[in-house]
Amino acid sequence: MDGQQITILAFGKVAEKLGSEQLKASGFEDTDSLLRWLHDRYPALKEVDFSLAVDRKLVAGNTGLGMMCEVALLPPFSGG
Amino acid sequence: MDGQQITILAFGKVAEKLGSEQLKASGFEDTDSLLRWLHDRYPALKEVDFSLAVDRKLVAGNTGLGMMCEVALLPPFSGG
Amino acid sequence: MKAKAIKNIFVQGSISPELIADSIRKHAHNTGIGGHSIFLGQVRADEKPEGTVSAIDYTAYEDMALEQAHQIREEIFAKYPLTCMHIYHSIGLVPAGELSLFVFTSSVHRKVAIDACEELVERLKGELPVWGREIMGPNQYTWKENR
Amino acid sequence: MKAKAIKNIFVQGSISPELIADSIRKHAHNTGIGGHSIFLGQVRADEKPEGTVSAIDYTAYEDMALEQAHQIREEIFAKYPLTCMHIYHSIGLVPAGELSLFVFTSSVHRKVAIDACEELVERLKGELPVWGREIMGPNQYTWKENR
């Protein structure tokens, strides 16, 4: 995945644990490998519950990542 | 029922058929006898569907009338 | 035991959006409320064989209607943990496109407010001695019928 | 086929009663409408172990939230014969007692407007990527959790 550009967006409690609302990454074929890397780098992520969206769609289970993509880490919604 | 005072109130379509919104009557022991008298006097009443309230409470079936009472002839409600 | 005072629910003519905004605004001090549910009835310009409805003229057996509304209010308050409940119904002429009914419930949680408002609207429609005369023109009208 | 434009639903800070009155007023020209159903979410001054909630600070994944709201809107319109549907959600700080959500449905008949509004509120609460941070003081907060 040469030249891949993944934008990682974090929100709410997850952004706090990460200490950042946006990260860049590359070289990940799928969400599972990206998550392993994130968990290694940010052990505090284990303390929070979150879902994943790829390109603004919720995904369940491992999902392939394209050359340009936006992966969001979403804690439980609490709007309204 | 000497000195009885019945106020008869009519609303909506019933008032139209009666040609009046308020009548006075006396000498009726119950709603059945009052209704017989009303139907005799206002044959057009047969053309409308209505319920009865005595002293602002809906009544079903024949109901006794006191010395002072308010009998209302209520076409189907259509508020809102 | 003191009986609760019977509240007036009738408004002469149509109900204004300003009255609704004021009513909402008055609830800001009640910081226990989490959700409000509002129902508004609007007069439709229905096409009838006699013509297009331009307004509804509402009449009511007011004394009985207020007693009924009071009774319904007490029963809904007993059934649902509401913080507030408000009922406004027009009397007299309401032009098509304007509002004739405003029902407003508030509660700590949204579900209670929503369920109570729906039940309240159904009961008011079915149990208030109020009649609408649909006006089509100077001498044309029909008596409205609720479905 | 032209895709429908995605509408913005976000309002900076609290939703004012005036915005609600204006929105209601704009429907007067639509004389086919018979009933409006409105839900309003209000910020509660809940007592928490950390203190009393004085405000909620809302953040959102805005692009995704707008796509989600668009999708939900289309599905609700497909399911219910609605005349109009409006959604407003606060972003940023909303003090306790003020409004953070305004959902508005209109239809020829009341039942449709009421049912659609209720379903819409439930879906928005469950599916919009929006987060509320409950503020108790200068350095005190907790992340809100919807039940």
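The figures here come from the full heavy-atom set of this structure, side chains too, leaving out hydrogens, waters and symmetry mates. Chain letters run A, B, ... following the sequence lines, proteins first and then strands; every chain starts at 1.
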D/Tyr141 versus chain A, the contacting section by heavy-atom distance below 4.5 Å: side chain
Looking at D/Glu75, I'd like to know if its CD atom is crowded, meaning that more than 12 non-hydrogen atoms belonging to other residues, nucleotides or ligands lie closer than 6.0 Å. yes
Inter-chain contacts: residues 40-55 of chain A against chain D, heavy atoms under 4.5 Å: A/Ala53
Applying a strict 4.5 Å limit to non-hydrogen atoms, the region of D/Tyr61 in contact with chain A is both
Which heavy atom in D/Glu145 sits nearest to a heavy atom in A/Lys13, and how many Å separate them? OE2-NZ, 4.4 Å
Residues in side chain to side chain contact (heavy atoms under 4.5 Å, CB included) contact with D/Glu118, at least two apart in sequence or another chain: C/Lys111, C/Ile114, C/Asp115, C/Glu118
Please look at D/Ala65 and chain A and tell me whether the side chain, the backbone, both or neither of the residue comes under 4.5 angstrom of a heavy atom of that chain. neither
Considering only heavy atoms, give the residues of residues 69-80 of chain A separated from chain D by less than 4.5 Å, sorted numerically, with 'none' for an empty result. A/Glu70, A/Ala72, A/Leu74, A/Pro75, A/Pro76, A/Phe77, A/Ser78, A/Gly79, A/Gly80
Under a 4.5 Å heavy-atom criterion, the part of residues 121-129 of chain D in contact with chain A comprises D/Lys125, D/Gly126, D/Glu127, D/Leu128, D/Pro129
